[in-house]
Amino acid sequence: MAYVPPHRSRGDYVPRDTGNSSSRGGFSGRGGFSSRGGFNRGSGGGNRAFGGSGFGRGNDSHRGGRGGHGSRFQPGLGSWTDGEHKPAEHNERLELELYGKPGDAQFQSSGINFDNYDEIPVEASGEDVPEPISEFTSPPLDPLLVENIKLARFNKPTPVQKYSVPIVANGRDLMACAQTGSGKTGGFLFPVLSESYKHGPVQNSQAENTFDRRKAHPTALVLAPTRELVSQIYEEARKFAYRSWVRPVVVYGGSEVYAQMEQLKQGCDLLVATPGRLNDLLERGKISLKNIKYLVLDEADRMLDMGFEIQIRNIIQGCDMPPPAERQTLMFSATFPKEIQMMAKDFLHNYIFLSVGRVGSTSENITQRILYVEDDEKKSSLLDILTATEETMSNGLTLIFVETKKMADILSDFLINQDFPATSIHGDRSQYERERALESFRSGRTPILVATAVAARGLDIPNVTHVINYDLPNDIDDYVHRIGRTGRAGNTGVATAFVNRGNKNVVKDLIEILSEANQEVPDFLTVIARENSMGRGRGRGGRNQTRDFRKYGGGGSSGGYGNGYGGRSNYGGGYNNSYGSGGGYNNYGSSAASASSSSSQWW
Ligand SMILES: Nc1ncnc2c1ncn2[C@@H]1O[C@H](COP(=O)(O)OP(=O)(O)OP(=O)(O)O)[C@@H](O)[C@H]1O
């Protein structure tokens with residue numbers, strides 16, 4: 001049967017040549033806040049070829065990279081024609097843009113500990129769990145995807161990828177929990193793209209009316225919490241969708257909505273979106289979700305926590321998305337509290353729960369240092385650390401987390417006044433300023449970035465060698481995600497945290513995290529934890545040590561695989577713990593105010 005994408009079946013539709021849709025001209029080069037380049041630049045954006053006779057009856061063509069009378073050529077865009085996938089021709093320029101050259105510092109490469117991922121215990125629960133793959137081969141993967149994976153210089157799958165590929169190929173839903181930096185993005189992109197290449201676009205939905213025909217009808221939807229993260233996922237999707245019929249589009253708030261609507265009009269098969277902007281576009285009638293075969297929630301626990309739940313429910317349950325049994329739903333995060341797992345089951349159908357390592361654990365690739373520092377000594381301690389590590393980490397980037405947006409500005413100004421090349425990122429800065437700050441950090445021009453939690457999740461910036469928790473978060477899961485900005489893809493990194501009695505609520509959880517990852521637990525932490533246990537500390541046991549809650553039931557710590565999987569690496573070049581005068585954790589007195597703050601201040 002001839003498939004005519006509903007939004008393109010009007011004979012009068014002529015795609016506009018917008019090329020770069022970024023509302024801010026001049027920000028489209030390599031290194032926009034999207035990992036490599038602004039979103040939807042010329043090559044990835046406009047000029048799609050899907051016009052004319054390419055969609056004629058009996059031709060069954062879902063766009064066409066070339067050909068189709070009246071169609072336009074877009075490099076790297078293939079087609080689905082007569083029930084067959086027709087990959088586009090290779091394009092050298094685009095390949096260089098997408099994959100860089102070997103050794104290019106702007107692209108993350110796997111580190112010396114990459115092979116250690118194989119040692120990490122994996123637990124998959126649920127009915128009939130399929131056997132994992134061990135290599136990127138076709139079959140079971142689609143040959144085009146395997147080619148693209150090679151171009152990206154990924155030699156072998158990470159544990160989460162080994163399992164997710166057959167799970168999705170077998171039509172199952174998935175809730176996957178794997179350490180930060182261990183390849184979860186590929187964990188959902190690989191199977192979704194591979195299956196899409198094999199099976200083509202959804203064939204059964206003809207648009208019902210003119211209004212419906214004008215909408216974009218993506219096959220796959222990926223939701224993630226921040227603009228920076230959706231842009232990064234979109235860039236990854238561009239890499240692995242290269243030459244295929246799948247056209248990725250990204251939409252997020254804080255950026256010109258009309259440019260994004262234009263991109264949608266030009267064809268959207270894989271939509272990467274923040275919930276707020278997606279709801280806006282759904283209300284405007286620009287997107288229909290009725291063709292969704294794959295729904296992905298990245299950073300799923302964040303997506304389903306209080307800040308996003310209503311928006312997510314509206315998208316998944318309040319619009320025209322098929323119900324759980326008629327789509328495949330995939331959820332990924334490094335942390336999965338039990339309450340969130342329970343809520344998530346509303347969106348899943350007979351799913352497999354995958355945990356790689358212990359849920360919420362940190363990677364042993366990250367050396368964690370905990371220092372006792374009173375609030376009023378934090379600035380001087382920070383200067384001491386930055387000075388002491390200037391040489392040993394001269395080529396690395398340092399990411400400093402604070403709790404409030406105000407503090408992010410104050411601290412970056414302070415560092416600049418002290419002649420440190422710093423910038424900041426937080427939710428009160430304009431989209432343009434956020435993009436610029438991230439680009440300047442990524443490129444190494446400003447190797448110190450002061451950030452709120454907005455930068456805690458998912459961001460994959462090569463060469464972040466040091467994460468400093470200037471303010472410790474109130475929730476240990478946030479700590480796990482923050483320090484996970486270093487030590488990615490088998491590389492090593494250092495994470496330093498300033499702790500004082502103001503953080504007593506999180507200390508017990510922190511001790512568990514440190515012990516699990518075979519890190520040193522300083523005595524003062526144990527003392528604070530003991531003091532606090534007289535009070536009412538929440539403790540990590542009830543919230544985070546949950547594996548598949550269907551199997552292990554409520555809360556409680558579950559034994560399971562012990563610590564110490566995988567050889568502990570020798571983290572070369574680390575600094576010793578003696579920097580600074582601010583340390584001195586024997587004389588801690590009463591701490592200043594708690595680091596707690598309202599959510600409106602930190603995001
Ligand atoms: N199979 C692989 N081989 C080599 N490198 C890989 C592989 N899979 C992923 N990577 C690289 O590892 C890095 C981390 O991957 P990714 O961003 O997907 O991690 P993540 O698990 O989503 O982390 P987070 O929890 O912080 O979101 C990326 O730079 C990615 O390109």
Side-chain angles (χ1 to χ4, degrees), residues 7 15 18-24 27-48 74 76-77 94 97-98 184-186 188-189 192-193 196 215-242 244 246-282 284 286-287 289 292 294-299 303 308 311-312 315 332 431-432 434-435 438-439 442 454 457-460:
H7 54 300
T18 52
N20 186 341
S21 72
S22 171
S23 58
R24 298 189 189 264
F27 203 73
S28 58
R30 172 173 293 247
F33 70 88
S34 53
S35 56
R36 271 143 320 243
F39 79 93
N40 293 350
R41 287 156 304 170
S43 56
N47 295 1
R48 303 293 300 221
Q74 180 189 328
L77 176 65
L94 191 52
E97 182 193 319
L98 293 174
K184 291 187 287 295
T185 314
F188 57 80
L189 285 179
V192 165
L193 290 173
S196 301
K215 296 179 179 178
H217 288 71
T219 309
L221 172 63
V222 180
L223 293 170
T226 64
R227 307 162 195 177
E228 286 76 10
L229 186 51
V230 288
S231 300
Q232 182 180 292
I233 295 168
Y234 165 73
E235 289 294 330
E236 287 297 289
R238 285 184 65 212
K239 266 186 211 170
F240 299 108
Y242 171 58
S244 79
V246 174
R247 180 175 200 250
V249 171
V250 61
V251 298
Y252 52 82
S255 186
E256 182 49 73
V257 72
Y258 295 102
Q260 293 176 359
M261 278 156 42
E262 195 57 43
Q263 285 298 317
L264 290 169
K265 263 197 215 166
Q266 295 183 33
C268 168
D269 306 303
L270 187 157
L271 179 62
V272 191
T274 52
R277 178 52 60 94
L278 177 56
N279 268 306
D280 179 10
L281 288 161
L282 286 165
R284 289 170 189 256
K286 301 297 171 192
I287 296 171
L289 301 175
I292 292 295
Y294 305 102
L295 167 67
V296 179
L297 269 63
D298 193 20
E299 306 299 345
M303 301 292 292
F308 284 108
Q311 294 184 351
I312 297 287
I315 292 165
F332 287 76
Q431 183 58 29
Y432 178 63
R434 280 164 70 159
E435 289 174 14
L438 211 47
E439 193 277 324
R442 192 187 291 279
V454 75
R457 293 246 179 186
L459 287 192
D460 186 53

Discussion item. If the condition is ring-ring contact (aromatic ring centres under 6.0 Å, His included), which residues does Phe188 pass it with, not counting sequence neighbours?
Written reply: Phe332
Worksheet item: Do you know the tightest heavy-atom contact between Ala241 and Ser244?
Response: O-OG, 2.7 Å
Discussion item. I'd like to know if the side chain of Arg434 and the backbone of Glu228 have a donor-acceptor N/O pair within less than 3.5 Å.
Written reply: no
Worksheet item: If you take all heavy atoms of Tyr234 and Val272, which pair is closest and at what distance?
Response: CA-CG2, 4.2 Å
Worksheet entry | Heavy-atom closest contact (Pro275 atom, Met303 atom, distance) | CG-CE, 3.5 Å
Discussion item. Before you tell me yes or no, could you show the steps for Gln260 and Glu256 under side-chain contact (heavy atoms from CB on, under 4.5 Å), namely the whole-Å CA-CA distance, both residues' side-chain angles and the distance that decides it to 0.1 Å?
Written reply: CA-CA 7 Å; Gln260 293 176 359; Glu256 182 49 73; over 6 Å; no
Practice prompt. Return the minimal non-hydrogen interatomic distance between Ala220 and Ile292, and the atom names on each side.
Written response: C-CD1, 3.9 Å
Worksheet item: How long is the span from the CG atom in Leu229 to the CZ atom in Arg227, to the nearest 0.5 Å?
Response: 13.0 Å
Practice prompt. Only counting residues at least two apart or in another chain, list the ones meeting side-chain contact (heavy atoms from CB on, under 4.5 Å) with Ser196.
Written response: Val192, Trp245, Val246, Tyr294
Worksheet item: Can you tell me how far the NZ atom of Lys215 sits from the CG atom of Leu281, to the nearest 0.5 Å?
Response: 11.5 Å
Fill in: Interatomic distance, Leu278 atom CG to Lys286 atom NZ [nearest 0.5 angstrom]
14.0 Å
Worksheet item: Rounded to the nearest 0.5 Å, how far apart are CG of Leu289 and CG of Leu221?
Response: 6.0 Å
Worksheet item: Does Arg238 come within less than 4.0 Å of Glu235, counting only side-chain N to carboxylate O?
Response: yes
Discussion item. Given 3.5 Å as the limit, does a donor-acceptor pair link the side chain of Glu236 with the main chain of Thr185, or not?
Written reply: no
Practice prompt. Would you give the length of the straight line joining atom CD of Gln311 to atom CG of Leu223, rounded to the nearest 0.5 angstrom?
Written response: 10.0 Å
Worksheet item: Which pair of non-hydrogen atoms, one from Thr274 and one from Gly253, has the smallest distance, and what is that distance?
Response: OG1-N, 3.6 Å
Practice prompt. State the CG-OG1 distance between Leu270 and Thr219, to the nearest 0.5 angstrom.
Written response: 8.5 Å
Discussion item. Side chains of Arg247 and Gln263 only: does a donor on one sit below 3.5 Å from an acceptor on the other?
Written reply: yes
Discussion item. Donor-acceptor check, side chain of Glu299 to backbone of Arg457, threshold 3.5 angstrom: yes or no?
Written reply: no
Response to the item:
On a heavy-atom basis, the closest approach of Tyr252 and Ser231 is CE2-OG, 3.6 Å
Discussion item. Measuring only between side-chain heavy atoms, which start at C-beta, is Val257 closer than 4.5 Å to Arg284?
Written reply: yes
